[in-house]
Structures are given as C-alpha cells and as structure tokens.
2 protein chains.
Amino acid sequence: MQKETLSKNQKIILDYIEKVNEPIKAYSILHNVQKKGIKAPLQVYRALDKLVEIGKIHKIESKNAFVACKNSNCQISKATAFSICESCEEVSEISDHKLSKYLKTFQEKTGMKFNKYNLEFFGLCKKCSIK
Amino acid sequence: MQKETLSKNQKIILDYIEKVNEPIKAYSILHNVQKKGIKAPLQVYRALDKLVEIGKIHKIESKNAFVACKNSNCQISKATAFSICESCEEVSEISDHKLSKYLKTFQEKTGMKFNKYNLEFFGLCKKCSIK
DNA sequence: TTATTTAATGTTATATTATAACAATTAACA
DNA sequence: TGTTAATTGTTATAATATAACATTAAATAA
Ligand SMILES: [Zn+2]
Ligand SMILES: [Zn+2]
Ligand SMILES: [Zn+2]
Ligand SMILES: [Zn+2]
C-alpha cells in the first residue's frame, strides 16, 4: 500500500509520526494533530490500527507507543523487532538475518506456525553505555 | 527470593496467578481475590510489580496480562519470551539456547548492552494448526 | 531491646489508554 | 448508477494504571 492511497486522517497521522521520529503515544499524537481537525481519540486509534496493519508504523507494546517503520521494505508487516535504550530512549528497528533464521528453526522445532511476533530489547545503547 | 518471604498480598496474588495457569489481567485478578480482602487496584498492581521484579511472574505486554513463570530456574528475571497461540490462547514460556546465543551475538554486533527483553511470538500451536 | 529505617498496606481520587455504539459521508466498483 | 465497503464524526464509557498520603509491619543496627 502506498502512502498516496491513505485516507485523509491516516495521512495526517502518519506524517506526524514520521516527523517526530521516535515512539509517541496516541494521546500525544491527538494533541498534536488537533490543529489539523482531528478532535477525538477514536480518529487517532482508527488511523493507528490501519497504519499498523499495513506496516507503516509499529506499536511498541511495552510503552504503548507508536513509531514509524524505518524499514522501507518491511515485508513482514505484522512483525516488529526493536532495541530500546533505557537511558536516551533511542529506538532502532531490528532487521537481522540471524534473527529471521532463528525464528524459522524455532518454528520447525516447536511445530508452531508464527504469523506475527513482537520483540523488544531493552538496554543501554553504545553511546549511553560509555557515559 | 523464595515464595515464603513474600508478603501477604504478594502471596495471595501469586497463588491465584499460579492456579489460573494462563495469562490473566490485573482487574480480573482483583475480582478474584476480593474475598481474600484485596479491595483496590493498587494492591494488585503493587504485588504484580514486585512479582515481575523478582521473576515469579511475567507480563505479556501485548495483552496487558500476567502469567506465572514456568521456568523454575528462570535466571533472567527480567526477560520474558513467550509463544502465544492466537486460537486457543495457549501460552508457553520459551527457554531456548539458540535464542540466548542470538541475543549475545546481537549484543556484540550492535554494541548495545541488554539487560531486559520482551519477546512475544504469535501464531497457531501444533494442535490448532491441524484443525 | 529499642530506635531507625525500609518495605508493605489501605484508601480515595484521578490519570492514561482504548473501545462501543450509532449516524453520516466518501470512495470503490460491478 | 446503484450498491457495497471503507472512512469519518461524535458522544459516552470501558479498561488499564498511577498519584498522593496516612498507616502499619518487618528488618536491622545501635
Ligand atoms: Zn518495520
Ligand atoms: Zn542511549
Ligand atoms: Zn520465566
Ligand atoms: Zn492453539
């Protein structure tokens, strides 16, 4: 799905999330797009649902926050994998071959068929661990 | 930390979560332990916080639910890894050597020092995928 | 033991996150 | 064009979680 095919509200909200460039909460989004005519939580949540569904954004479950997908070619729209620095709050999307491979072997071993996963790694980023 | 050293409320709530044996939500816990004298959400949340901290239970972030740790020797009290069946809701705690190894190499590669992670795999369990 | 500190509790109010329900409008398309 | 599906607008409310403050119990050190 291309950005051009998004609806009005979806576009407004994706634009804002991309601009912010870090995980942001639904009500914070709401406050910041009110000047664009979005008045109610539901308008935000509906757009968020759709944007998550098509892989344009991801939800950081442990933070109830949303972040734009950095992976222009994020195939697995239902998968998220992030590393999160507990000091500076920097969030990076993980796209790692070994992880994909591990997931595959795990799938084979457990007999479980995965269609979605949510991975969140917390720690200190390089910068912050030097300090 | 042993179960014996837990406080009254912590014990009540851990006992209940262990009995239920599947992810359960805070307010559902509250309703079910009211006969034991626990009246307010905070009493539940405080016990949950502590139990998570000492590794007796884990939080399934994407479900806002809590589940007892099945890993009697769960060293990494701050780590959770679960597979969750989207059909029967069965949840299994993952304790996998390859995953630990992957996390280590990932740590080395990114320069990030992890002290906590939250992994949630969603799909269909063996049983449900046959149906 | 007794003073001192730390952890846990009880309670009320409130903040934060998310959805239900229903009416109206717009876009997709046979 | 008529029909269906998707999106929007709006109000109310559900569900999840924490703030603030007073009190009590437990741990521990003088
Ligand atoms: Zn992505
Ligand atoms: Zn950092
Ligand atoms: Zn565990
Ligand atoms: Zn199943």
Side-chain angles (χ1 to χ4, degrees), chain A residues 1-17 20 22-67 77 80 84 89 118 120, chain B residues 1-17 20 22-67 77 80 84 89 118 120:
Chain A
M1 196 178 188
Q2 301 309 310
K3 195 166 177 179
E4 293 74 41
T5 74
L6 294 176
S7 76
K8 192 187 73 177
N9 288 359
Q10 289 159 12
K11 228 174 295 179
I12 290 170
I13 286 169
L14 177 57
D15 282 347
Y16 181 67
I17 296 174
V20 169
E22 63 182 17
I24 184 168
K25 286 162 171 271
Y27 276 76
S28 171
I29 293 169
L30 176 59
H31 294 140
N32 282 284
V33 296
Q34 282 187 330
K35 49 199 150 198
K36 301 262 183 185
I38 289 176
K39 292 173 195 157
L42 246 196
Q43 295 175 291
V44 174
Y45 279 104
R46 285 200 279 228
L48 290 174
D49 281 354
K50 188 72 186 186
L51 293 168
V52 166
E53 187 191 323
I54 64 177
K56 286 291 183 188
I57 65 173
H58 298 295
K59 183 173 185 183
I60 312 287
E61 293 285 356
S62 60
K63 291 191 174 301
N64 297 317
F66 300 84
V67 67
S77 75
T80 64
I84 302 163
E89 300 282 318
N118 178 57
E120 298 167 21
Chain B
M1 195 177 187
Q2 301 310 310
K3 197 167 177 179
E4 292 74 40
T5 74
L6 294 176
S7 76
K8 191 187 73 176
N9 289 359
Q10 289 158 13
K11 228 174 294 180
I12 290 171
I13 286 170
L14 177 56
D15 282 347
Y16 182 68
I17 296 174
V20 169
E22 63 183 17
I24 185 168
K25 286 160 172 272
Y27 276 76
S28 171
I29 293 169
L30 176 57
H31 294 139
N32 282 285
V33 295
Q34 281 186 330
K35 47 198 151 199
K36 300 263 183 187
I38 288 176
K39 293 173 193 156
L42 245 196
Q43 295 175 292
V44 174
Y45 280 104
R46 285 200 279 227
L48 290 174
D49 282 353
K50 188 71 187 187
L51 293 169
V52 165
E53 187 191 323
I54 65 177
K56 287 289 182 190
I57 65 173
H58 298 295
K59 182 173 186 184
I60 312 286
E61 293 285 355
S62 60
K63 291 192 173 300
N64 297 319
F66 301 83
V67 67
S77 75
T80 64
I84 303 163
E89 300 283 318
N118 179 57
E120 298 167 19

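What you see is a predicted model, and the numbers here were worked out from it, not measured in a lab. Chain letters run A, B, ... following the sequence lines, proteins first and then strands; every chain starts at 1.
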Just how far, in rounded Å, is [atom2] of [N] from [atom1] of [X]?
X: A:N9; N: C:dA27; atom1: CG; atom2: C1'; answer: 14 Å
X: A:K36; N: D:dT8; atom1: NZ; atom2: P; answer: 15 Å
X: B:K50; N: C:dT9; atom1: NZ; atom2: P; answer: 10 Å
X: A:L30; N: C:dT16; atom1: CG; atom2: P; answer: 13 Å
X: B:L6; N: D:dA25; atom1: CG; atom2: P; answer: 19 Å
X: A:E53; N: D:dT7; atom1: CD; atom2: C1'; answer: 13 Å
X: A:L48; N: C:dA18; atom1: CG; atom2: P; answer: 9 Å
X: B:I13; N: C:dG10; atom1: CD1; atom2: P; answer: 10 Å

- Could you list the residues that satisfy side-chain hydrogen bond (donor to acceptor under 3.5 Å, both in side chains) with A:Y45, not counting sequence neighbours?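 Applying side-chain hydrogen bond (donor to acceptor under 3.5 Å, both in side chains) to A:Y45 gives none.
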- Task: Mark yes or no for whether B:K36, through its side chain, and B:I13, through its backbone, hold a donor-acceptor pair below 3.5 Å.
- Result: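 A pair under 3.5 Å: no.
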- Message: Could you check whether any side-chain N or O of B:E120 sits under 3.5 Å from a backbone N or O of B:E61, counting only pairs where one atom can act as donor and the other as acceptor?
- Response: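 Here the side-chain-to-backbone pair exists.
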Distance from [X] atom [atom1] to [Y] atom [atom2], nearest 0.5 Å?
X: B:D49; Y: B:I54; atom1: CG; atom2: CD1; answer: 11.5 Å
X: A:I60; Y: B:N118; atom1: CD1; atom2: CG; answer: 10.5 Å
X: A:K11; Y: A:T5; atom1: NZ; atom2: OG1; answer: 8.0 Å
X: A:L30; Y: A:L42; atom1: CG; atom2: CG; answer: 10.5 Å

- Query: If an axis is fit to five pairs at each end of the helix from C:dT1-D:dA30 to C:dA30-D:dT1, what is the angle between the two, to the nearest 10°?
  - Reply: 40°
- Query: Using a cut-off of 4.0 Å between protein heavy atoms and nucleotide atoms, how would you tag nucleotides 10-23 of chain D 5' to 3' with B, S and -?
  - Reply: BB----BBBBB---
- Task: Decide yes or no for A:L48 and A:I17: does some side-chain heavy atom of the first lie under 4.5 Å from some side-chain heavy atom of the second?
- Result: yes
- Tell me whether the OP1 or OP2 atom of D:dT8 has a side-chain N or O from A:S7 closer than 4.0 Å.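 Yes, within the criterion.
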- Task: Please report the shortest heavy-atom distance between B:N9 and B:Q43, naming the atom on each side.
- Result: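 In terms of heavy atoms, the two residues are closest at ND2-NE2, 4.0 Å.
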